[in-house]
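Naming convention: chains lettered A, B, ... in sequence-line order (proteins, then strands); numbering from 1 in each chain.
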Amino acid sequence: MILLWLECDANGVTEISLETVAFARSLSAAGGGIVIRAALFGDVPEAARDQLAAHGVDEVHHVTGSAYDAYSGAAWASALQDIRERTTCVVVAAAGSPRGNEVIAHLAARLDVPMAANVLSFSGLAPFEVTRQVAGGSALEDMRLPRRPALFTVAGHSWTATPADQRTTPVWHEESPAVAEADLIARVSARGEAKEDSSGALTSSRVVVGAGRGAGGPNGFGGVMELAEMLDGALGVSRVVTSLGWRPHHEQIGQTGSRISPELYIPCGISGAIQHWAGCSSSKTILAINTDAEAPMVTKAHYAVIGDMHEVVPAIVAELKRRAV
Amino acid sequence: MVNVLVCVKRVPDSSSQVVLTPDNQAVDGRHAGFTVSSHEECAIELAVRLAEATGGLATVLTLGPAEATEQLRSALAVGCGAAVHIEADGVAFGPADVAREIAAVVRSHEAEGRGHDLVLLGNDASDTGDFQVGIRLAYALGLPVVNGVSTLEVADGVVSAHVDGPDGPETYSVPTPMVATVLEGGVEPRYPTLKGRIGAKKVELETRSAATQPAGAHRVRLRLPPPAPTTVEILGEGPEAAPSVVDLFEKLGIR
Ligand SMILES: Cc1cc2nc3c(=O)[nH]c(=O)nc-3n(C[C@H](O)[C@H](O)[C@H](O)COP(=O)(O)OP(=O)(O)OC[C@H]3O[C@@H](n4cnc5c(N)ncnc54)[C@H](O)[C@@H]3O)c2cc1C
């Protein structure tokens with residue numbers, strides 16, 4: 001049996017958690033129809049119930065109780081460990097999100113078994129061999145998971161969150177496994193409001209205009225900001241830009257920044273390093289503006305303009321203004 | 001007085017093209033050069049700030065080959081006061097092995113009366129991306145751990161660790177001793193001063209050998225992903241492309 005740890009937001013199960021369910025269905029099919037169990041903690045929005053059925057989850061363990069009111073990696077892993085022992089699951093997986101990696105790593109340490117982070121695919125069941133992203137996605141590693149349970153996280157956006165061919169009627173188990181005091185020492189003790197100007201606008205905007213080293217300096221963002229404003233979009237940047245202190249870190253897109261999935265992403269003067277790509281690859285349409293026609297961002301984009309962003313972007317702004325009158 | 005141990009790993013500089021070693025077991029940094037991951041640069045900065053603010057000591061530790069002393073010297077140059085080198089072929093050590101080795105050092109320092117109030121690591125290393133050494137270390141030591149910390153303070157033996165959580169900022173209040181893994185972005189790592197560099201050369205390193213045989217990383221091999229085929233449509237060159245760009249906006253219903 002497969003046990004998945006799934007995350008929810010206000011709208012239901014998160015996209016990358018549903019991608020993990022898609023991965024698990026493929027693993028289940030390869031094993032001749034292995035039962036898929038999902039563990040969810042705390043508040044579960046109504047929409048999640050329908051999603052779990054549509055995505056083919058067989059059994060749901062809904063974990064609540066005072067020990068789980070505030071997040072603690074150790075407490076979460078302790079509950080997962082308890083469920084997995086009772087259900088004898090041989091695989092425990094989660095999405096390769098910060099929390100997914102954290103919870104599975106806790107479980108790996110508790111059980112003293114290996115863990116594979118950011119898995120893309122599996123190639124054999126016995127021995128269980130997986131391929132995962134390493135070096136920020138620029139290389140792949142084939143890795144064996146010889147021990148049971150096999151523990152791993154699924155790399156974000158490597159699978160598509162498509163519903164199952166056949167709906168299930170998941171069996172719900174409401175539970176509240178006991179947790180040792182020691183596992184509650186490191187738990188969230190205070191929470192602040194999400195900052196208005198933090199990554200919220202970036203991850204929810206329909207249009208994101210990106211700027212990288214090509215901006216040239218802290219004063220090189222006037223054009224892209226004007227374009228973003230005219231398109232009702234947000235500004236996002238590469239890590240070179242935040243490392244050089246040209247723009248704040250919360251505007252960073254990528255592996256160590258925000259993951260965006262707008263209708264349109266317009267990266268200007270961004271080379272498209274794999275770590276940046278990791279954060280923007282699920283954009284519906286990408287229009288790259290770059291002086292280098294060979295830059296990975298250009299070759300991976302849907303559309304591109306080859307040229308200096310300091311000339312091209314103002315020309316686009318001017319054209320937008322011309323058509324607006 | 002807060003004594004911090006900060007653990008770093010010598011990794012290939014990953015800003016350029018990735019090359020694999022001939023045995024396909026590691027990323028080859030011979031041409032790109034070596035560094036530590038950006039999360040670890042921030043962990044060093046946090047360790048040094050804590051030591052400075054409290055009159056304590058920041059000790060840097062690495063497990064790696066002889067050349068990894070370069071990374072220790074860099075950390076000493078920005079304010080760490082002591083350094084531990086576990087001399088070993090890092091590639092043969094899996095995440096659980098590394099955690100066990102660090103735990104052995106922490107315990108031996110404890111036994112010698114120079115224990116650490118806080119152990120900092122990076123959230124994940126930029127080469128192997130395992131996301132687990134800090135957590136395994138915490139379990140090996142029987143200590144609490146907070147993951148993905150961007151900033152932290154220590155007062156009266158309690159660490160306040162700040163994390164950018166999925167729904168906004170979060171704070172953990174955890175008594176020392178504890179382990180924390182650091183995510184870049186909370187602090188700006190400082191550059192070494194000339195004085196710092198000269199001072200770093202004079203510090204005597206504590207050199208140790210591995211305490212146990214490594215079990216390994218279960219790695220079969222590394223591979224480079226195949227290049228993706230391109231289907232890009234070039235709308236034009238230079239400012240003359242602007243009308244085609246705005247046509248595209250209209251087609252996509254953006255304007
Ligand atoms: C562990 C790790 C995590 C990372 N996480 C991230 C992350 O989250 N996000 C991220 O972005 N990066 C991340 N990186 C860094 C990443 O590897 C790249 O170094 C970075 O994305 C490059 O930024 P850039 O594209 O702005 O700069 P460069 O790679 O220097 O590219 C600049 C581009 O601009 C073009 N250009 C120059 N001048 C102009 C001009 N006038 N007009 C138009 N085009 C021009 C050039 O042709 C080039 O393509 C990470 C790296 C590591 C190792």
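- Within 6.0 Å of CG in B:Asp23 there are more than 12 heavy atoms belonging to other residues, nucleotides or ligands.
- Options A:Lys300, A:Glu263, A:Arg99 differ in how many heavy-atom pairs under 4.5 Å they form with chain B, and the most are formed by A:Arg99.
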(request) Show the numbers, then the answer: is there a side chain to side chain donor-acceptor pair (under 3.5 Å) between A:Asn101 and A:Thr153? (result) CA-CA 6 Å; A:Asn101 283 323; A:Thr153 61; 2.7 Å; yes
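- Contacts between A:Val113 and chain B at a heavy-atom distance below 4.5 Å involve the backbone alone (N, CA, C, O).
- Between chain B and the options A:Gln252, A:Arg144, A:Glu311, A:Gln275, heavy-atom pairs under 4.5 Å are most frequent for A:Arg144.
- Looking at A:Thr285, only its side chain comes within 4.5 Å of chain B, counting heavy atoms on both sides.
- For chain A, the nearby part of B:Ala217 is the backbone; its heavy atoms alone come within less than 4.5 Å.
- With respect to the salt-bridge test (charged N to carboxylate O, under 4.0 angstrom), the residues B:Lys9 and B:Glu40 do not qualify.
- Using a 4.5 Å cut-off between heavy atoms, A:Ile316 contacts chain B through both its backbone and its side chain.
- For the 3.5 Å distance criterion, the side chains of B:Thr171 and B:His162 qualify, holding a donor opposite an acceptor.
- Within the 4.5 angstrom heavy-atom criterion, only side-chain atoms of A:Asn118, from C-beta onward, approach chain B.
- Ionic pairing of B:Glu184 and A:Arg239 is present here: one or more N-O contacts between side-chain nitrogen and carboxylate oxygen are shorter than 4.0 angstrom.
- Taking chain B as the reference chain and counting heavy-atom pairs below 4.5 Å, the highest number among A:Met230, A:Gln255, A:His302, A:Gln133 is found for A:His302.
- The parts of A:Val188 that come within reach of chain B are both its backbone and its side chain, each placing non-hydrogen atoms under 4.5 angstrom from that chain.
- Counting heavy-atom pairs closer than 4.5 Å to chain B, the top-ranked of the candidates A:Ala190, A:Gly307, A:Ser243 is A:Ala190.
- Interface remark: of the candidates A:Ala108, A:Ala318, A:Ala74, A:Ala108 forms the most heavy-atom pairs closer than 4.5 Å to chain B.
- Close placement of the A:His106 and B:Tyr139 rings is indicated, their centers lying within 6.0 Å of each other.
- More than 12 non-hydrogen atoms from other residues, nucleotides or ligands lie less than 6.0 angstrom from CD of B:Glu250.
- Using a cut-off of 4.0 Å between Lys/Arg side-chain N and Asp/Glu carboxylate O, A:Asp142 and B:Arg223 are scored as salt-bridged.
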Just distance, no hydrogens or angles: give the donor-acceptor pairs under 3.5 Å from side chains in residues 235-248 of chain B, sequence neighbours left out.
from	atom 1	to	atom 2	distance (Å)
B:Asp247	OD1	A:Arg323	NH1	2.8
B:Asp247	OD1	A:Arg323	NH2	3.0

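- Looking only at heavy-atom pairs under 4.5 Å with chain A, the residue among B:Val27, B:Leu143, B:Val11, B:Thr128 that has the most is B:Thr128.
- Not counting sequence neighbours, B:His39 has no partner by the ring pair (Phe, Tyr, Trp, His ring centres under 6.0 Å) test.
- Contacts of A:Glu102 with chain B are made by both backbone and side-chain atoms, with heavy-atom separations under 4.5 Å.
- Looking at B:Asp130, both its backbone and its side chain come within 4.5 Å of chain A, counting heavy atoms on both sides.
- For the atom pair OG1 (B:Thr151) and CZ (B:Arg49), the distance works out to 9.5 Å, reported to the nearest 0.5 Å.
- For chain A, no part of B:Ser160 is nearby; none of its heavy atoms comes within less than 4.5 Å.
- Put simply, the side chain of B:Ser37 gets close to the backbone of B:Ser126: a donor and an acceptor are under 3.5 Å apart.
- Heavy atoms of A:Ile289 lying under 4.5 Å from chain B are absent altogether.
- Residues of residues 89-105 of chain B placed with any heavy atom under 4.5 Å of a heavy atom in chain A are absent; none qualify.
- For A:Thr14, the side chain to side chain contact (heavy atoms under 4.5 Å, CB included) test picks out A:Glu7, A:Asp9, A:Ile16, A:Ser17, with sequence neighbours left out.
- Looking at A:Glu319 and A:Arg322, a side-chain N of the basic residue comes within less than 4.0 Å of a carboxylate O on the acidic one, giving a salt bridge.
- Per-residue counts of heavy-atom pairs under 4.5 Å with chain A were compared for B:Leu222, B:Val145, B:Val174; the largest is that of B:Leu222.
- In terms of heavy-atom pairs under 4.5 Å with chain B, the best-connected choice from A:Ser189, A:Ala105, A:Ala315 is A:Ser189.
- Classified by interplanar angle (parallel below 30°, tilted 30° to 60°, perpendicular above 60°), the ring pair A:Phe152/A:Phe128 is tilted.
- Interface remark: A:Pro296 contributes no atoms to any contact with chain B (heavy atom separation under 4.5 Å).
- Between A:Asp232 and A:Arg206 there is no salt bridge, since no side-chain N of the basic residue sits under 4.0 Å from a carboxylate O of the acidic one.
- For the options B:Thr181, B:Leu20, B:Val232, B:Leu224, heavy-atom pairs under 4.5 Å to chain A are most numerous at B:Val232.
- Using a 4.5 Å cut-off between heavy atoms, A:Ser97 makes no contact with chain B at all.
- A cation-pi arrangement is absent between A:Arg187 and B:Tyr172 under the rule of less than 6.0 angstrom and at most 45 degrees off the ring axis.
- When B:Gly185, B:Ala140, B:Pro144, B:Pro225 are compared by the number of non-hydrogen pairs under 4.5 Å with chain A, B:Pro225 comes out ahead.
- For A:Ala273, no part lies near chain B; criterion is any non-hydrogen pair under 4.5 Å.
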